[in-house]
Engineer: 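What follows is a structure written as structure tokens; I'll ask about it next.
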Amino acid sequence: MFRRQAISCLRRTPQSRTLATEASSTETSRPQPVLSKKPKPRLSTAIILNRSPILTRSPTSFENAYYTYQARVRRALHQPFPYDFYFKQGSLLETRFNLEEKDREKASFGPTFVQDDYQDLAKVEADKAAVKLLAQQEGEGESLAPREHPSDKSGDIKSLDRAGERNLYLLLKSKENGKDVWRFPQGGVETTDFLHQAAQKDLHAECGEGIDTWIVSRAPIGVYKPPQSDPSAPEDVVFFYKAHIMAGQVRPAEGIQDFAWLTKQEIEQRLDKDYWGNVKDMLSDF
Amino acid sequence: MSTVASKTAALPARFGRAPRIRAHLRKDKSTGLPRPPVNIVTREFAPCRLEDHYYNTLQDDLMYMTYHHEHLPRPPPRQIRLKFDPNDPYSKNRHNPSVGGSQIGKKPPPPSTASNVIKLEKIVVHTMVKEALQSKSNLLGAIIAMRALTGENHKAGGRHAVDGIQIVKGKKSVGGWIRPGVPVGVKVELKGPSMYEFISSLVEFVLPRLREFNGVVLPPQSSSVNTPSAVSGVVSFGLPPQAMGFFPQIEVNQDAYPKMYGMHIHFVTNATGVGAENRARALVSGFQIPFIRR
């Protein structure tokens, strides 16, 4: 019993004090830590609501030239195509494939590359007519939807179909201190909520229930502390969350004057400089 | 945007007169064909939609979703046994036993950074043909189908790292079933654009048309998270034989193949450490492959 006590005493003794010294003198003279009088910071969440690109990016002219060149190299080196494996001999589908293949060869290697060794001109014309009829039956030749939406031409920044190749983000316009300010959707955090839950609530509170959204992560993607004029006031801390819009459209709440779906470059023109400096790295350049 | 589109549409392949041949190329002795002075390699010939989707959207989202905050640098790994020092008179000429215990399922993932966000590295498609045990010519149908399905070929396009369709041989001897060295199946490794092309045909043509497929079944919650398969960062699932007929590459002339083959598909990612499987699933579900829990 006595021995166990002794061992436990040894364990508790800090290594630094091996000799008996006047411990009380040093401990009392240590200054008490000064408790900050500042009140607890006020937390809020802001949501960077993103509409992902809905169209593939159109390649630059350099990329296009590169792809054309590589396609030509590939066509020049490819293994022979097994016609008899894929087509019944003399079938209409084979005829169509042969005609199309000739066009593709001409497009790749020039109009003089393919020799038109027609034996029977009448048969060739008949083949062409049959292939044309087949194409009509299959509904080919219908024009595709344009890559430019009507809202691009009209400059409608509220449309979700605008700028299909770009990442769009939602900005709201509201009145703060008698001034019109563009900002991301934002709201306070109640003490019982997690931040990501608060973000979802705040988004619906400002943009209505008519949108289907998904908050990407539980952890915030960024933080912003607005500059404060009064140092004794509680500090404001804004946590940013990324979200995607799946369906629906924004119906702004009462305090919100306007909304817009904007690209990063358009957002820069509307935001306050300090705010922009904090959010710019959370947005996609393209 | 409109100006870009009009510019790109107007770009033709320009054809001039071919240059006059001044010096003839050296000929290959075995084939008698001229040998080009450089290695001709084919590269991407079209923009890749799913790859763009990964870099536009998925990569950012996955970085946020899988981010694990560590406010201090990691402590150095614990030395659980003294290092073997051959010059130490004690350990000299002694047996050097390996460190005990499997650490494979217990390693933490590398610290989250912007540069090691989870990424799809390759897809391995594998099929076993049981009849190949009787005669290896039964593998031919599977080889033909896989070639049509993936378009892969040995060293295709002058790329030495492309293996094409590989024959899988038995490793172990299992009584009455398999012997070492016997060809029993075929596999293909897909990387780059062909990998994304495979995903898109799988997701758009095959999975929606499969009956009774609600999603890839997740393991039960009680299953161990430390097994090698749970930390490898590979998502695997199988498709029944009738699924092969739904791939448009096969569908056009399904009658030309002796039969349809089922397949195993492995999505290999760069995720490692504890929880790698879950991160890999998050990535794969970003390509619209559904998961369900039983």
Side-chain angles (χ1 to χ4, degrees), chain A residues 50 52-53 55-79 82 84-88 93 106-113 146-148 152-153 163-167 214-222 241-244 282-284 286, chain B residues 1-18 36 40-53 55-69 112 114 144 147-148 151 153-154 156-159 193 249-250 252-253 255-257 282 286:
Chain A
N50 165 247
S52 307
L55 295 177
T56 49
R57 189 171 58 83
S58 38
T60 61
S61 54
F62 175 75
E63 280 173 317
N64 249 334
Y66 177 82
Y67 288 142
T68 312
Y69 173 70
Q70 289 300 338
R72 288 174 67 198
V73 171
R74 195 169 277 251
R75 179 164 281 277
L77 298 183
H78 79 80
Q79 293 198 332
D84 48 347
F85 184 69
Y86 282 102
F87 299 113
K88 209 179 271 177
L93 289 177
K106 276 179 191 166
S108 301
F109 305 122
T112 52
F113 183 77
R147 292 175 66 83
E148 208 175 358
D152 286 321
K153 285 168 195 157
E165 299 180 10
R166 302 288 309 270
N167 275 294
W214 174 58
I215 304 274
V216 169
S217 61
R218 288 182 160 216
I221 65 167
Y241 275 82
K242 186 181 177 185
H244 286 290
M282 299 179 221
L283 311 175
S284 295
F286 194 79
Chain B
M1 204 163 53
S2 64
T3 52
V4 173
S6 61
K7 258 183 218 166
T8 52
L11 186 97
R14 278 174 298 168
F15 308 106
R17 191 177 293 163
I40 298 174
V41 177
T42 58
R43 300 188 188 278
E44 288 85 64
F45 64 100
C48 185
R49 185 175 63 87
L50 279 181
E51 195 177 18
D52 281 355
H53 171 57
Y55 285 111
N56 281 337
T57 309
L58 284 186
Q59 199 179 32
D60 296 9
D61 288 359
L62 287 162
M63 183 175 73
Y64 297 140
M65 285 163 75
T66 60
Y67 180 74
H68 183 247
H69 186 69
S112 326
I144 297 167
R147 272 192 67 161
N153 196 1
H154 182 61
R159 306 191 138 218
Q249 301 94 313
I250 304 282
V252 285
N253 61 341
D255 305 338
Y257 301 94

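Values in this document were obtained by computation on a predicted structure and should not be read as measured data. The chains referred to below are lettered A, B, ... by the order of the sequence lines, with proteins before strands, and numbering in each begins at 1.
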Engineer: Got a second to check how far B:Asn153's CG is from A:His78's NE2, nearest 0.5 Å?
Structural biologist: 12.5 Å

Engineer: Return the minimal non-hydrogen interatomic distance between B:Tyr64 and A:Val216, and the atom names on each side.
Structural biologist: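 Nearest heavy atoms, B:Tyr64 then A:Val216: CB-CG1, 4.3 Å.
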
Engineer: With respect to chain A, which residue among B:Asp52, B:Leu62, B:Thr42 yields the maximal number of heavy-atom pairs within a distance under 4.5 Å?
Structural biologist: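 Ranked by contacts with chain A, first place is B:Thr42.
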
Engineer: Looking at CZ of A:Arg74 and CZ of B:Phe45, how far apart are the two atoms once the value is rounded to the nearest 0.5 Å?
Structural biologist: 4.5 Å

Engineer: Which pair of heavy atoms, one from A:Thr56 and one from B:Arg49, lies closest together, and at what distance?
Structural biologist: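 Smallest interatomic distance, heavy atoms only, reads CG2-CG, 3.6 Å.
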
Engineer: Given the options B:Gly157, B:Pro47, B:Gly158, B:Ala256, which has more heavy-atom pairs under 4.5 Å with chain A than any of the others?
Structural biologist: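 When all of B:Gly157, B:Pro47, B:Gly158, B:Ala256 are compared, B:Pro47 has the most.
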
Engineer: Is A:Ser284 close to B:Asp60 at the side-chain level, that is, under 4.5 Å between some pair of heavy atoms?
Structural biologist: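 With C-beta onward as the side chain, the pair touches.
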
Engineer: If you take all heavy atoms of A:His244 and B:Thr57, which pair is closest and at what distance?
Structural biologist: CE1-CG2, 3.7 Å

Engineer: Counting heavy-atom pairs closer than 4.5 Å to chain B, which one of A:Phe113, A:Tyr67, A:Tyr86 comes out on top?
Structural biologist: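 So the answer, after comparing A:Phe113, A:Tyr67, A:Tyr86, is A:Tyr67.
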
Engineer: By a 4.5 Å heavy-atom criterion (distance strictly below it), what part of A:Glu63 contacts chain B: side chain, backbone, both, or neither?
Structural biologist: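 Neither part.
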
Engineer: Name the region of B:Tyr55, side chain, backbone, both or neither, that has any atom closer than 4.5 Å to a heavy atom of chain A.
Structural biologist: neither

Engineer: B:Asn56 side chain to A:Ser52 main-chain N or O, any donor-acceptor pair under 3.5 Å?
Structural biologist: no

Engineer: Counting heavy atoms not belonging to A:Phe85, are there more than 12 under 6.0 Å from its CZ?
Structural biologist: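 Atom CZ in A:Phe85 is packed in, count exceeds 12.
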
Engineer: Taking all non-hydrogen atoms of both residues, which atom of A:Lys242 and which atom of B:Asp61 are closest, and how far apart?
Structural biologist: NZ-OD1, 2.8 Å

Engineer: Is any side-chain heavy atom of A:Tyr66 closer than 4.5 Å to a side-chain heavy atom of B:Arg43?
Structural biologist: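 Touching, per the 4.5 Å side-chain cut-off.
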
